[in-house]
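One structure is given below, encoded as structure tokens.
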Amino acid sequence: MDEQPRLMHAHAAVGMSGHPGLSQHIQDNTGANDGDGRKQDIGDILQQIMTITDQSLDEAQARKHALNCHRMKPALFNVLCEIKEKTVLSIRGAQEEEPPDAQLMRLDNMLLAEGVSGPEKGGGSAAAAAAAAASGGVGADNSAEHSDYRAKLSQIRQIYHTELEKYEQACNEFTTHVMNLLREQSRTRPISPKEIERMVGIIHRKFSSIQMQLKQSTCEAVMILRSRFLDARRKRRNFNKQATEILNEYFYSHLSNPYPSEEAKEELAKKCSITVSQVSNWFGNKRIRYKKNIGKFQEEANMYAARTAVSAASVSTHGSQANSPSTPNSAGGYPSPCYQPDRRIQ
DNA sequence: ACGCATGATTTTAC
DNA sequence: GTAAAATCATGCGT
């Protein structure tokens, strides 16, 4: 049992040269030994350390306990922590403290903007409304897509939050686990609070990189959803009957020059509850399709001509010469039967 | 299921 | 930029 104090000497000699209390302690136990004797002593101790793994578990445990209870232990421990701290600091000096990740900030901003990470309902519907506005949809008839979009978004949102919570919980659990472990170990090896702190930092960074992946995939999902929603072609709705009639009325009553001005387009858009660009699309399609197959549209043309004539007649309270088909108010046609040379399209 | 109608987009020309 | 033409993708009646 006399080996235990000698082991302490070894620690002292290795870790604490120059410590006044320690040299005192050494003196206490080595008595009047000269330098050679002390060297011999240290050699023995080193030998013992080297062979410590050969010892039985009980023996090692007993020694550990003895070490823990030694009166010099706190002082030794602190100095060892200090040394370790300095070494660690010199190894990784400035390389730490990466700047706040730009990528992460972008993802966060986007999730916030899309209403995934923000407050419960408001953000989501705002984003949906923005998307709806961007898609060119107007009025109530796209509310179905609206709620569809919102439903899917809140689905994504829910998944995101559960996953995030799961990660956070796992992170906390792991952190406390590691902290307990380190605290436990700090009884037998030099672990300073700073080191524990650093370890916690490392764990958090690791988990936040996992979180970043989650954020990234959530962003992707939102982008896909959004692009689907915005791609109106996928959810094409025919204009309602009234809108089509208004457009056709204008088209056939301006058959000689079916190019509504910007103001006219705006007016039509307003009347039909569609956007100006939808009006433009409609006229673009109509012109080309009419031109391609005038015959097919003849009936339609006559019908609208008659209608305009009737309404004109009723305005002027004349019933007599109401309908003369194929010749609406402004000339014969857009290439149409009565071809006119100065038309814009040939 | 199929084919035509139709709104939107893309390509091309000016 | 606008418009024509071509093309796409969906809506809808059969």
Side-chain angles (χ1 to χ4, degrees), chain A residues 114 127-153 155-156 220-308 325-326 328-346:
Chain A
E114 293 295 333
S135 79
V138 169
D141 72 330
N142 64 355
S143 60
E145 288 122 274
H146 233 107
S147 63
D148 193 39
Y149 177 87
R150 237 183 340 229
K152 290 204 170 112
L153 190 73
Q155 209 177 320
I156 290 172
E220 268 169 37
V222 172
M223 288 319 273
I224 290 167
L225 174 66
R226 220 187 143 123
S227 73
R228 286 252 168 85
F229 184 74
L230 289 176
D231 188 359
R233 218 153 52 164
R234 287 179 185 282
K235 292 254 178 211
R236 207 200 88 229
R237 287 270 111 108
N238 290 352
F239 299 151
N240 61 41
K241 215 170 171 196
Q242 199 192 346
T244 313
E245 272 177 27
I246 292 166
L247 293 166
N248 271 317
E249 231 162 76
Y250 187 98
F251 180 79
Y252 288 111
S253 63
H254 297 75
L255 204 49
S256 60
N257 187 30
Y259 297 86
S261 65
E262 202 55 35
E263 297 80 59
K265 281 183 191 170
E266 274 166 32
E267 171 117 18
L268 286 167
K270 209 169 159 190
K271 274 197 214 166
C272 301
S273 304
I274 58 177
T275 65
V276 172
S277 62
Q278 282 179 304
V279 173
S280 299
N281 287 339
W282 190 91
F283 274 88
N285 284 321
K286 191 73 184 179
R287 282 191 300 261
I288 195 75
R289 283 163 186 166
Y290 178 83
K291 199 180 95 172
K292 263 188 175 171
N293 194 348
I294 296 166
K296 197 176 81 181
F297 288 93
Q298 195 58 58
E299 204 183 324
E300 191 178 71
N302 292 343
M303 192 189 92
Y304 280 101
R307 194 181 295 194
T308 349
S326 77
N329 58 2
S330 52
Y334 166 56
S336 107
C338 319
Y339 178 75
Q340 296 196 315
D342 73 326
R343 297 294 83 93
R344 286 221 250 163
I345 306 171
Q346 298 303 336

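The sequence lines fix the lettering, A, B, ..., with proteins before strands; numbering per chain opens at 1. Keep in mind that what you see is a predicted model, and the values were worked out from it rather than measured.
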*asked:* Can you give me the closest heavy-atom contact between A:S280 and A:K265, atom names plus distance?
replied: OG-NZ, 3.2 Å
_Results of side chain to side chain donor-acceptor pair (under 3.5 Å) for A:T244 - residues two or more places apart only_ = none
*What is the distance from CG of A:N257 to C1' of C:dT2, rounded to the nearest Å?*
14 Å
*For atom CG of A:N281 and atom C1' of B:dT9, their distance in whole Å*: 8 Å
*What does A:K241 touch in the nucleic acid at a heavy-atom separation under 4.0 angstrom: a base, only the sugar-phosphate, or nothing?*
nothing
*Roughly, in whole Å, what's the span from NZ in A:K292 to P in B:dA5?*
13 Å
*Rounded to the nearest angstrom, tell me the gap between atom CZ in A:F283 and atom P in C:dA3.*
11 Å
*For A:K296 and B:dC4, give me the distance from atom NZ to atom P, rounded to whole Å.*
10 Å
*asked:* Whole angstroms only, please: what is the CG-P distance between A:N238 and C:dC12?
replied: 5 Å
*Within less than 4.0 Å of OP1 or OP2 of C:dA3, is there a side-chain N or O belonging to A:K265?*
yes
*Presence of salt bridge, A:E249 and A:K271, under 4.0 angstrom*: no
_What is the separation between atom CG on A:N285 and atom C1' on B:dG7, rounded to the nearest whole Å?_
6 Å
*Can you tell me how far P of B:dA5 sits from CH2 of A:W282, to the nearest Å?*
15 Å
*So, is A:Q278 near the phosphate of B:dA8, with a side-chain N or O under 4.0 Å from OP1 or OP2?*
yes
*Looking at A:R237, does any N or O in its side chain come under 4.0 Å of the phosphate oxygens OP1/OP2 on C:dG11?*
yes
*Short side-chain N/O contact to B:dT6 OP1/OP2 from A:K286, under 4.0 Å*: no
*Which of parallel (below 30°), tilted (30 to 60°) and perpendicular (above 60°) describes A:F251 and A:W282?*
perpendicular
